[in-house]
*Asks:* 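Before I ask anything, let me first share the structure, which is written out below as structure tokens.
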Amino acid sequence: MKILIVNGPNLNLLGRREPGIYGSASFEDYLPQLRQRYPQVEIDYYQSNIEGELIDKLQQEGFSADGIVLNAGAYTHTSVALHDCIRAITTPVIEVHISNVHQRDEFRHHSMISSACRGVICGFGLDSYRLAIEAIIG
């Protein structure tokens, strides 16, 4: 089984960016824990701050991976292009957020991609990614 985790803009700053909201661990520190927990799953990781690069990666993997875990960051709230891409691929996508976006700024309460995703997980810190993997592997 192959699962791709995709992180969008500013998530490369995890561990340094607003630790009160996002925690003090980087994703690179967390990823080995996921791989150790799921040795039967090939977990690939990709991060970009550029919307088009995220779309390219989803299109590249979206017909062969067994699942995609997507934290689109701020693009969650603005990107019709990501929405359309998720609809176009056959791999199921789980939308994740580290924070509970519904407890934050009003503009973060609406997701442009949720309706194209299989499900949404938010508010469980980095554990949101584990929960998404659990949903994919069933």
*Asks:* On a heavy-atom basis, which atom in Phe63 and which in Ala88 lie closest, and how many Å separate them?
*Replies:*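 It is CZ-O, 3.6 Å.
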*Asks:* Are Leu70 and Leu31 connected in a single hydrophobic cluster, I mean Ile/Leu/Val/Met/Phe/Trp/Tyr linked by side-chain heavy atoms less than 4.5 Å apart?
*Replies:*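 No, no single cluster joins them.
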*Asks:* Can you list the residues that meet the side-chain contact (heavy atoms from CB on, under 4.5 Å) rule with Ile136, with sequence neighbours excluded?
*Replies:*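 side-chain contact (heavy atoms from CB on, under 4.5 Å) check on Ile136 returns Ile3, Val69, Ile94.
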*Asks:* Answer yes or no: is there a donor N or O on one side and an acceptor on the other, between the side chain of Arg16 and the main chain of Ser26, under 3.5 Å?
*Replies:*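 No: the side chain of Arg16 does not pair with the backbone of Ser26.
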*Asks:* Which heavy atom of Gly123 sits nearest to which heavy atom of Ser128, and what is that distance?
*Replies:*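 Heavy atoms of Gly123 and Ser128 come nearest at N-OG, 4.0 Å.
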*Asks:* Is it the case that over 12 heavy atoms from other parts of the model lie below 6.0 angstrom from the OH atom of Tyr46?
*Replies:*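 Yes, OH of Tyr46 has more than 12 neighbouring heavy atoms, counting only those of other groups under 6.0 Å.
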*Asks:* Calculate, to the nearest 0.5 Å, the distance between atoms CG and NE2 belonging to Leu11 and His97 respectively.
*Replies:*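 It is 10.0 Å, given to the nearest 0.5 Å.
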*Asks:* Could you check if a side-chain atom of Cys85 sits within less than 4.5 angstrom of a side-chain atom of Gln59, using non-hydrogen atoms only?
*Replies:*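 Cys85 reaches Gln59 side chain to side chain.
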*Asks:* Would you say Arg130's side chain and Leu34's backbone share a donor-acceptor pair under 3.5 angstrom?
*Replies:*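 It does not hold such a pair.
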*Asks:* Assigning hydrophobic clusters by single linkage (Ile, Leu, Val, Met, Phe, Trp, Tyr; side-chain heavy-atom cutoff under 4.5 Å), is Leu14 placed with Ile5?
*Replies:*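 Yes.
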*Asks:* Determine whether Lys2 and Asp44 make a side-chain contact, defined as any pair of heavy atoms from C-beta on separated by less than 4.5 Å.
*Replies:*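 Answer yes - side chains close enough.
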*Asks:* Do Ile50 and Leu54 belong to the same hydrophobic cluster, where Ile, Leu, Val, Met, Phe, Trp and Tyr are linked whenever their side-chain heavy atoms lie under 4.5 Å apart, directly or via other members?
*Replies:*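 Different clusters.
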*Asks:* Set out, in order, the CA-CA distance, both residues' side-chain angles and the distance that settles side-chain contact (heavy atoms from CB on, under 4.5 Å) for Ser111 and Glu95, then state yes or no.
*Replies:* CA-CA 10 Å; Ser111 169; Glu95 176 185 346; 3.1 Å; yes
*Asks:* Quick one, Val6 and Val93 - any side-chain contact, counting heavy atoms below 4.5 Å?
*Replies:*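 With C-beta onward as the side chain, the pair stays apart.
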*Asks:* If we only count heavy atoms from C-beta on, is the Gln40 to Ile137 side-chain gap below 4.5 Å?
*Replies:*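 Result yes, sub-4.5 Å side-chain heavy-atom pair found.
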*Asks:* So does Thr76 get a backbone contact from the side chain of Ser79, meaning a donor-acceptor N/O pair under 3.5 Å?
*Replies:*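 No, the answer is negative, given that no donor and acceptor are paired below the 3.5 Å cut-off.
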*Asks:* At their closest point, which heavy atom of Thr78 faces which heavy atom of Met112, and how far apart are they?
*Replies:*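 For Thr78 versus Met112, the nearest heavy atoms are N-CG, 3.7 Å.
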*Asks:* Using the side-chain contact (heavy atoms from CB on, under 4.5 Å) rule, take Lys57 and Leu4 through it: C-alpha gap first, then chi angles, then the decisive distance, then the call.
*Replies:* CA-CA 10 Å; Lys57 189 65 171 180; Leu4 173 66; 4.1 Å; yes
*Asks:* Mind listing the closest non-hydrogen atom pair of Gly62 and Ile89 along with its distance?
*Replies:*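 Scanning both residues completely, I find the closest heavy atoms to be O-CB, 3.3 Å.
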*Asks:* Which atoms form the tightest heavy-atom contact between Leu126 and Ala25, and what is the distance?
*Replies:*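 Reported closest heavy-atom pair: CD1-CB, 4.0 Å.
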*Asks:* Please tell me if the side chains of Glu28 and Tyr45 come closer than 4.5 Å, counting only heavy atoms from C-beta onward.
*Replies:*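 Yes - at least one pair of side-chain heavy atoms lies under 4.5 Å apart.
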*Asks:* If I take atom CG from residue Leu131 and atom CD1 from residue Ile133, how far apart are they, to the nearest 0.5 angstrom?
*Replies:*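 The CD1 atom of Ile133 is 9.5 Å from CG of Leu131, to the nearest 0.5 Å.
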*Asks:* Please tell me whether Ile68 and Ile113 are part of a single hydrophobic cluster in this structure, the criterion being side-chain heavy atoms less than 4.5 Å apart.
*Replies:*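 Yes, because Ile68 and Ile113 connect within a single hydrophobic cluster, where side-chain heavy atoms sit under 4.5 Å apart.
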*Asks:* At what distance, to the nearest 0.5 angstrom, does CG of Asp127 lie from CD1 of Ile121?
*Replies:*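 Separation between the atoms: 9.5 Å.
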*Asks:* Mind running side-chain contact (heavy atoms from CB on, under 4.5 Å) on Leu82 and Leu58 for me, showing each step along the way?
*Replies:* CA-CA 9 Å; Leu82 274 172; Leu58 291 174; 3.7 Å; yes
*Asks:* Take the angle between the ring planes of Tyr30 and Tyr129 and call it parallel below 30°, perpendicular above 60°, tilted in between.
*Replies:*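 Tilted: the ring planes of Tyr30 and Tyr129 meet at 30° to 60°.
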*Asks:* Give the minimum heavy-atom separation between Asn10 and Asn49, together with the two atoms involved.
*Replies:*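 Where Asn10 meets Asn49 most closely, the heavy atoms are N-OD1, 2.8 Å.
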